[in-house]
Structure formats: C-alpha cells, structure tokens
Amino acid sequence: MSYQYELDVQKTIWIEHYPEEFNGRSPLFAESFSLVEFDWGSYYAFPYQRAIQPIKLKASNPQWKHIDKEKVEQLIGIGLDVIK
C-alpha cells in the first residue's frame with residue numbers, strides 16, 4: 001500500500017480499527033483501535049532488473065499497541081465523529 005499510494009513510511013501512521021460488533025441484541029465486541037508499527041526494509045521485485053525498477057519497501061515484524069479513541073484523534077488531528 002505504501003508503494004501504491006507513494007506514502008513516506010517514516011511519516012505514515014498505521015492504525016487498525018475494529019468496529020463494534022453485535023449479535024443482533026447486544027454487543028459482542030466494543031470498538032477498539034491499534035497503532036501498528038513495522039520494520040521497513042527495501043527490496044527489488046525483480047532483482048535482475050535493478051537498474052530499471054524502483055526500490056520497493058517491505059514491512060515486517062508488525063507490533064500492535066492498543067490505543068484509545070482519543071489517542072487516534074490526537075494522531076490524525078481530527079475527531080472521528082467528523083469522518084463518519
């Protein structure tokens with residue numbers, strides 16, 4: 001995704017959102033968020049063509065850290081209620 005959207009992986013914040021889930025009558029899981037950090041390494045999709053292709057980045061070793069809604073809003077600089 002970082003390559004496709006030309007994201008700077010050193011500045012991009014990766015947040016996973018888990019929406020509240022219901023079984024029809026009551027909530028099964030409350031809404032939650034995780035900040036995900038990766039180790040980034042470079043690679044060539046086709047090593048024999050290094051001279052004509054861009055270096056791509058590969059994410060590895062993901063580390064999840066639970067964060068609350070307020071921390072998400074602080075990180076993205078906007079209230080989540082505005083996004084909905």
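Treat the numbers as computed from the prediction; the structure is a model and nothing was measured.
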Distance from [X] atom [atom1] to [Y] atom [atom2], nearest 0.5 Å?
{"X": "Phe29", "Y": "Glu20", "atom1": "CZ", "atom2": "CD", "answer": "11.5 Å"}
{"X": "Tyr18", "Y": "His66", "atom1": "OH", "atom2": "NE2", "answer": "10.0 Å"}
{"X": "Phe38", "Y": "Gln63", "atom1": "CZ", "atom2": "CD", "answer": "10.0 Å"}
{"X": "Ile67", "Y": "Gln74", "atom1": "CD1", "atom2": "CD", "answer": "9.5 Å"}
{"X": "His17", "Y": "Lys69", "atom1": "NE2", "atom2": "NZ", "answer": "8.0 Å"}
{"X": "Ile13", "Y": "Leu75", "atom1": "CD1", "atom2": "CG", "answer": "4.5 Å"}

Determine whether the side chains of Glu37 and Trp14 contain a donor N or O and an acceptor N or O closer than 3.5 Å.
no

Are Phe33 and Leu28 linked, directly or through intermediate hydrophobic residues, by side-chain heavy-atom contacts shorter than 4.5 Å (ILVMFWY only)?
no

Do the non-hydrogen side-chain atoms of Glu16 and Trp64 ever get within less than 4.5 Å of each other?
yes

